[in-house]
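Structure, as structure tokens:
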Amino acid sequence: MNQNPVNGTSNADLRKAYKRQSQGRDIWRRFCKNKMAVAALIVLSIIVLAACTADLFWDYEQDACALNISEKLQKPSREHILGTDELGRDILCRLVYGARVSLEVGIGAATFALVIGAILGSIGGYYGGRVDSIIMRVTDVLLAIPGLLLGIAIVSAFKPTVFYMALAFGISYVSKFTRIIRSAILSIRDQEYVEAARAIGAKDHVIILRHILLNCMAPILVQYALCIGTRILSVSTLSFIGLGIQAPTPDWGSMLAGARAYIRGNTYLVMGPGLALLLTISSFNIIGDGIRDALDPRLKK
Amino acid sequence: MVKYALKRLLYMIPVTIGVIFVVYLIMYLTPGDPVALLLGPDATPELIEETRAALGISDPFFVQFFNYVINLFTGHFGTSWYTGNDVSLRLFSAIPYTLILTILALALALIISIPMGVIAAVRQNRPADYAVSLFAICGVSAPTFWVGIMLILLFSVYMGILPSAGVDSWESYILPSITMSFNLLASITRTQRSSMLEVLRADYIRTAKAKGVSNRVAVYYHALRNAIIPSITVAGINFGTLMGGSVAIETVFAVPGVGRLLSDSIKIHDTPTVIGCMVFTAITVSIVNLIVDMLYAAIDPRIKAQYLKGGKKS
């Protein structure tokens, strides 16, 4: 393992040795050693797979949305593995379709926040000066408003569609990404290799994208995973209080809201959506932790 | 120190105005005519015009915004489009419930999470640590409203020992405040554990043990005092999330607090009340962050020294 790759004889050996030493591979190996993180990755893959292939097993209009009052509030059985809800719809089917909404909004919001945060943070951190202080003041303002409330306000001002929800919950996370990326850039900006890139005449955006941002991917990636988790949480809260995705579109938050009136005697109704949320969000959190530990082996001795 | 506090206090003013601006702008863009809502279908065009003028809705955006800020500094939150009264009436009656819940939740989170984090760190990689870590990761990820429903199921439906809704007695506050503290409790535990792990490896702890200090004193006196600062930061940062969470928790437990008022007002398009609730929350969050900053100095003499130095320079 520890042999100097230069001592190798053939080109193939050399390539192999370098590959083994590549940083990404190293991080992946350390990530795989973390059993919790691997388990979370598997759980998450199953959820994503189920959400993608739901159409193979169910008909969206017929099974997830259409009312079927004659079969309402059935306990779990062979026909309906998780039972039926207060309007007679199969809970498992609605859970799987609900994953779509949650994942779409969660990933959409996190990506939106990341892109805007990266742009603002890079500009602020790299150029500094007045632009930087204006950007920081704006993030101060956005940080003072609880993200959930800001999201609720924006969604109620527009429409509770997946697109607007992703936008609304993304905005509340922009400040966090902006700050993380800005401080990462500040710490890298004046290093020699950046100066070298500047000296050979690289353009600013190339320096920021290729030389700086790629080098501070670690904290960004961790934050991205955690962000998806918290956004899913916010979206479900919004739907729970009745301001999110509107019926009959299945969503975990609104399923819980509907089930709440029937918890006496029908406990199974609140188990499915709640556990689905818990599993999905904790998977993102554990994966985020796993990436952080893999990136910085000092943390986990 | 005082100078720094004053500076921070003054800085709160532009931030608050910025917050009001953002909220006001969003609400300004919300479609829907409040006058039609307020007067009903039988209103004459003249009456509609009059009411519009009285509510100040026909003014340009910046005039409305300016008037709102001026009114706010005299304690007026505008007229509710729903009740026709001043927003402050309903807002001020809702605030105590939310404040009580938030303070209870914060206290509960700090009291439980810090010892748990310490225990997990001291017994790293042993069953106690795994149990605490598992609890913490679940706590961070669990939707609070679902936790609330589960607690109602357990304590109200099955055991029947605690009320599931309302604010009639002190017992009614138990379940909502536990629910509210859940996420924060878990995230402080995580922070406390990792900062404690770091501190326990520090040289000065080894020194303390070498000079014969008992393990207990080393952990609870030398290490904890240094490891508690990140936890306070996390508590401060997440205070906003805690208050925001009241929207769902007050719905679950039927608490007539600010969160409930906010979600109800959004549903009936009562914009001034919505703005009032958001502004109140944002100001509270800012004040708490200020207090947290002051707390650092109280706990850590090194930070205090920095402030003092900074104060002399400016």
Side-chain angles (χ1 to χ4, degrees), chain A residues 36 40 137-138 140-159 168 171-172 176 226 229-230 232-234 236-238 240-243 252-253 256-257 259-260 263-265 267 270-271 273-275 277-286 289 299-301, chain B residues 11-12 14-19 21-23 26-31 133-134 137-138 140-147 149-150 152-153 157 183 190 194 197-198 201 237 239-248 251-252 259-260 262-263 266-267 269 274-275 277-278 281-283 285-286 289:
Chain A
M36 279 277 273
R137 292 303 82 83
V138 172
D140 274 348
V141 167
L142 285 179
L143 276 176
I145 313 176
L148 183 63
L149 299 192
L150 186 64
I152 289 177
I154 296 175
V155 170
S156 70
F158 297 99
K159 264 187 239 139
I171 285 177
S172 52
K176 215 161 190 175
L226 298 180
T230 58
I232 292 178
L233 201 61
S234 301
S236 66
T237 310
L238 188 73
F240 179 74
I241 56 175
L243 297 169
W252 295 338
L256 277 171
R260 201 158 65 96
I263 51 173
R264 281 166 211 272
T267 318
V270 287
M271 287 311 199
L275 289 177
L277 275 168
L278 184 65
L279 268 181
T280 312
I281 298 166
S282 58
S283 293
F284 278 112
N285 285 338
I286 294 171
D289 284 357
L299 284 175
K300 214 176 178 178
K301 258 179 217 162
Chain B
Y11 182 60
M12 255 183 69
V15 170
T16 312
I17 292 178
V19 168
F21 180 77
V22 171
V23 176
I26 296 168
M27 286 298 139
Y28 185 77
L29 298 172
T30 311
S133 299
L134 188 69
I137 194 84
C138 289
V140 173
S141 316
T144 39
F145 54 90
W146 184 64
V147 174
I149 294 176
M150 290 291 123
I152 290 179
L153 261 180
V157 177
N183 281 161
R190 276 154 62 93
S194 59
L197 279 177
E198 214 167 281
R201 291 203 189 99
I237 291 174
F239 185 79
T241 320
L242 193 72
M243 286 211 74
S246 64
V247 177
T251 304
V252 173
R260 186 76 192 277
L262 176 72
S263 62
I266 285 182
K267 282 176 197 160
H269 301 288
V274 175
I275 298 175
C277 294
M278 305 257 302
T281 313
I283 292 176
V285 171
S286 306
N289 283 332

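All values below were derived from every heavy atom in this structure, side-chain atoms included, with hydrogens, water molecules and symmetry-related copies excluded. All chains are named by letter (A, B, ...) in the order of the sequence lines, taking the proteins before the strands, and each is independently numbered beginning at 1.
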So, using side-chain contact (heavy atoms from CB on, under 4.5 Å) as the criterion, who are the partners of B/Leu153 when residues are at least two apart?
A/Ile263, A/Thr267, A/Val270, B/Met150, B/Val157, B/Tyr158
Nearest heavy-atom contact between B/Phe145 and A/Ser236 is CZ-OG, 3.5 Å
Please classify the contact of B/Val247 with chain A as side chain, backbone, both or neither, using a heavy-atom distance under 4.5 Å.
both
Distance col, row A/Ile145:CD1 vs B/Ile283:CD1, nearest 0.5 angstrom, shows 11.5 Å
A/Leu279 versus chain B, heavy atoms under 4.5 Å apart: side chain, backbone, both or neither?
neither
Identify which of B/Thr251, B/Ile237, B/Thr16, B/Val274 forms the greatest number of heavy-atom pairs closer than 4.5 Å to chain A.
B/Thr251
State which residues pass side-chain contact (heavy atoms from CB on, under 4.5 Å) with A/Ala257; sequence neighbours excluded, sorted by chain then number.
A/Phe240
Closest-packed option against chain B by number of heavy-atom pairs under 4.5 Å, given A/Ala259, A/Ser282, A/Pro273
A/Ser282
Is there side-chain contact between A/Ile152 and B/Ser263, with at least one heavy-atom pair below 4.5 Å?
no
Portion of B/Ile26 that has a non-hydrogen atom of chain A nearer than 4.5 angstrom
both
Closest non-hydrogen contact found for A/Asn285 with B/Ser141 is ND2-OG, 2.9 Å
Checking B/Leu242 against chain A: side chain, backbone, both or neither under 4.5 Å from a heavy atom?
neither
Relative to chain A, which segment of B/Val22 carries a heavy atom at a distance below 4.5 Å: side chain, backbone, both, or neither?
side chain
What part of B/Asn289 gets closer than 4.5 Å to chain A, counting heavy atoms only: side chain, backbone, both or neither?
neither
Specify which of B/Ile266, B/Thr281, B/Ile152 makes the most heavy-atom pairs with chain A at under 4.5 Å.
B/Ile266
Which of the residues B/Gly245, B/Pro143, B/Ala282 is involved in the greatest number of heavy-atom pairs with chain A at under 4.5 angstrom?
B/Pro143
With no hydrogens and no angle check, is any side-chain donor or acceptor of A/Arg260 less than 3.5 Å from a backbone partner on B/Val252?
yes
Between A/Leu243 and chain B, with a heavy-atom cut-off of 4.5 Å, which part of the residue counts as in contact: side chain, backbone, both or neither?
side chain
Where does A/Leu148 contact chain B at under 4.5 Å (heavy atoms): side chain, backbone, both or neither?
side chain
B/Tyr11 vs A/Asp140 side-chain heavy atoms within contact, under 4.5 Å
yes
So which of A/Leu143, A/Thr280, A/Ile281, A/Val138 has the largest heavy-atom pair count under 4.5 angstrom toward chain B?
A/Ile281
Between A/Ile154, A/Thr230, A/Leu142, A/Leu238, who has the most heavy-atom pairs with chain B when the cutoff is under 4.5 Å?
A/Ile154
So, for B/Gly244 and A/Pro146, which heavy atoms are closest and what is the spacing to 0.1 Å?
CA-CB, 4.1 Å
To the nearest 0.5 Å, tell me how far A/Leu278 CG sits from B/Trp146 CH2.
5.5 Å
Checking heavy atoms, do the side chain of A/Leu275, its backbone, both or neither come under 4.5 Å from chain B?
both
Side chains of B/Asn183 and A/Leu233 in contact at under 4.5 Å (non-hydrogen atoms)
yes
